Amino acid sequence: MRPVSMSAQVSSKESTTIRHAEKRRNSTCALADAIAKAALDAWRSLDVRTSRQTVVAAIVLQHQEKCTCLSLGAGTKTPSRAAVVAGGDGALRDCHAEVLAVRAFRRYLYAALQSNGCAAFEKTAAGVRLRPGAALFLYCSSAPCGNSTIRRWAKTTREVFRPELGAGPPPERHAPFKVLSPAQVALLGKRRPDDDAASGDVPPGCAPLDGDALRPHCCSDKVARWCAVGLEGALLSRVVEGAALAGIVVGRKYCFEHARRAFCCRVPHLQRHPALMGTGLLLDEGVYVDNDGADFRDRRCYAWCRGDARAEELDGSAGATTSGAPSTLCRAAFLGRYRALVRDAPASYAEAKRAAASEAFAAADRALRFSAGAPFSEWLASNVV
């Protein structure tokens with residue numbers, strides 16, 4: 001028998017102990033992977049420095065069988081309350097990837113409104129509208145914080161790839177949703193760096209709502225809100241048409257039953273549920289190395305939208321750029337852009353939102369917060385964006 005060399009023995013041992021940075025998983029369909037690929041290709045094309053332990057989110061356009069990334073956010077940080085109070089409307093209140101991606105998408109909309117439309121939106125007499133046959137999807141490299149990460153009330157199952165869907169999303173209607181516990185529909189806030197130690201039975205990184213209007217809602221709650229009222233926000237709701245969320249693609253920790261509870265089915269009056277999909281494409285294709293890669297002290301976050309020469313680098317704990325200047329995504333910056341479009345708009349961000357909200361936006365918001373049995377009746381007013 002031929003002897004086995006020491007190097008071969010070591011190699012064999014290493015091959016059995018390799019831990020991938022992300023678990024291998026199945027995709028739902030080809031469309032999910034196409035959306036994820038557009039987002040990840042855009043992310044990897046940016047010249048950024050960040051810890052491997054991050055989350056990337058994107059708004060992706062599907063049009064004429066092509067997927068194009070329109071905006072990106074990367075980060076897992078929440079600014080301190082002290083930073084938000086000091087910065088006022090010039091400070092970002094939330095630097096999680098999903099929030100940065102949507103705010104960068106709104107900056108993309110402002111650019112389209114100030115020009116003659118864009119690849120995704122065509123010009124109208126009132127503003128811009130999504131081009132016919134196009135759809136907008138949210139990509140998240142990991143399940144958004146909050147409700148979608150809670151592994152209760154439903155069995156977690158592994159995705160099965162469905163080749164028969166081709167380039168289309170799953171067509172099924174979501175089954176009726178039965179509330180088994182108030183916690184299934186409860187709203188959650190995000191922990192801040194200057195918060196006291198976590199208390200209560202809440203997911204990692206979250207906190208019970210405490211009445212503090214400056215506490216950001218968790219990303220699962222915000223995704224559910226975007227599904228109900230659209231991605232454009234109150235300020236742009238009269239001048240942007242068609243910015244509805246057609247579907248959501250999640251990488252790590254995806255499970256359909258948990259996703260539908262978190263993003264749509266706990267909203268009883270929702271007219272159109274988004275397509276929910278998982279992707280097997282990995283944000284981190286490397287292998288796990290002890291004491292390497294996961295640096296939770298890294299406060300850098302990033303935001304980018306199509307047309308930007310480079311990503312905006314943010315200090316996620318300060319709610320500002322790493323240079324200390326206000327972000328182009330902050331409330332003050334958006335109010336300035338809006339007042340350049342609507343010259344008689346109120347000078348206050350809150351008043352401008354109330355005055356700008358379209359009838360459809362206002363109706364959807366009332367149903368969420370003020371109707372009988374409204375699921376989001378505890379939503380913090382200053383977080384209505």
Side-chain angles (χ1 to χ4, degrees), residues 59 70-71 79 84-94 99-131 134 136 213-214 216-217 222 225-245 303 305-308 312 319-321 325-371 376 379-385:
I59 300 300
L70 301 183
S71 67
V84 173
V85 170
D89 283 348
L92 291 172
R93 302 184 178 195
D94 191 339
V99 175
L100 294 176
V102 170
R103 294 193 75 80
F105 172 70
R106 292 175 185 171
R107 185 155 59 78
Y108 174 84
L109 290 176
Y110 277 112
L113 287 162
Q114 292 166 342
S115 62
N116 195 30
C118 59
F121 287 81
E122 61 186 9
K123 197 76 171 176
T124 67
V128 295
R129 68 179 167 216
L130 191 66
R131 295 188 181 277
L136 298 171
L214 297 183
H217 281 273
K222 291 188 176 184
R225 180 175 174 79
W226 296 329
C227 287
V229 303
L231 292 169
E232 72 276 14
L235 275 181
L236 295 179
S237 59
R238 287 185 185 271
V239 292
V240 174
E241 296 178 51
L245 196 53
C305 73
R306 185 155 293 277
D308 289 352
E312 183 175 74
T321 64
S327 167
T328 60
L329 306 181
C330 72
R331 296 182 175 203
F334 277 8
L335 179 61
R337 288 175 180 267
Y338 180 73
R339 297 191 74 202
L341 293 171
V342 183
R343 299 191 184 280
D344 59 346
S348 157
Y349 183 80
E351 291 176 2
K353 285 198 305 180
R354 284 192 288 269
S358 68
E359 292 182 7
F361 184 96
D365 180 54
R366 284 195 301 272
L368 272 177
R369 298 196 294 142
F370 303 118
S371 63
F376 286 6
W379 194 275
L380 300 174
S382 73
N383 283 289
V384 176
V385 294

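Every heavy atom of this structure was used, including side-chain atoms; hydrogens, water molecules and symmetry mates were not. Fair warning: this is a prediction, and the values are worked out from it, not measured in the lab.
- A salt bridge (Lys or Arg N to Asp or Glu O under 4.0 Å) check over residues 113-128, counting only residues at least two apart or in different chains, returns the pairs Glu122-Arg129, Glu122-Arg131.
- For Arg106 against Leu231, the heavy-atom pair with the smallest separation is NE-O, 2.8 Å.
- Legend: residues meeting salt bridge (charged side-chain N to carboxylate O under 4.0 Å, His left out) with Arg107, ordered by chain and number and at least two apart, are Asp308.
- Listed for the His217 side chain is a donor-acceptor partner under 3.5 Å among the backbone atoms of Leu380.
- Taking the side chain as every heavy atom from C-beta outward, Trp226 and Val102 approach each other to under 4.5 Å.
- Between Pro346 and Arg354 the shortest side-chain heavy-atom distance does not fall below 4.5 Å.
- To the nearest 0.5 Å, atoms CH2 (Trp379) and NZ (Lys222) are separated by 7.0 Å.
- When atom types are taken as modelled, the side chain of Arg225 and the backbone of Asp365 share no donor-acceptor pair closer than 3.5 angstrom.
- For CD of Glu359, the number of neighbouring non-hydrogen atoms (other residues, nucleotides, ligands) closer than 6.0 Å is 12 at most.
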inquiry  = Using the rule given for side chain to side chain contact (heavy atoms under 4.5 Å, CB included), can you reason through Leu335 versus Asp89, listing the C-alpha separation, both sets of side-chain angles and the distance that settles it, and then say yes or no?
reply    = CA-CA 9 Å; Leu335 179 61; Asp89 283 348; 5.8 Å; no

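- Partners of Ser71 under the side chain to side chain donor-acceptor pair (under 3.5 Å) rule, at least two apart in sequence or in another chain, do not exist in this structure.
- Of all the heavy atoms in Asp94 and Pro216, the pair that sits closest is OD2-CB, 3.6 Å.
- Between Ala126 and Val239 the shortest heavy-atom distance is O-CG1, 3.4 Å.
- Nearest heavy atom pair, residue Leu70 against residue Ala120, reads CD1-CB, 4.0 Å.
- To the nearest 0.5 angstrom, Thr328 atom OG1 is 3.5 Å from Glu312 atom CD.
- Leu113 has its side chain within reach of Leu236: a pair of non-hydrogen atoms, C-beta onward, lies under 4.5 Å apart.
- Using the six-membered ring where Trp is involved, Phe334 and Tyr110 have ring planes that are tilted, between 30° and 60° apart.
- Formation of a donor-acceptor pair under 3.5 Å by the Arg238 side chain with backbone atoms of Ala356 is found in this model.
- The heavy-atom pair separating Ala234 from Ser237 by the smallest distance is O-OG, 2.9 Å.
- Taking both residues in full, the closest heavy atoms of Tyr338 and Leu235 are given as CE1-O, 3.1 Å, listed atom of the first, atom of the second, then distance.
- Ile59 has its side chain out of reach of Tyr108: every pair of non-hydrogen atoms, C-beta onward, lies at least 4.5 Å apart.
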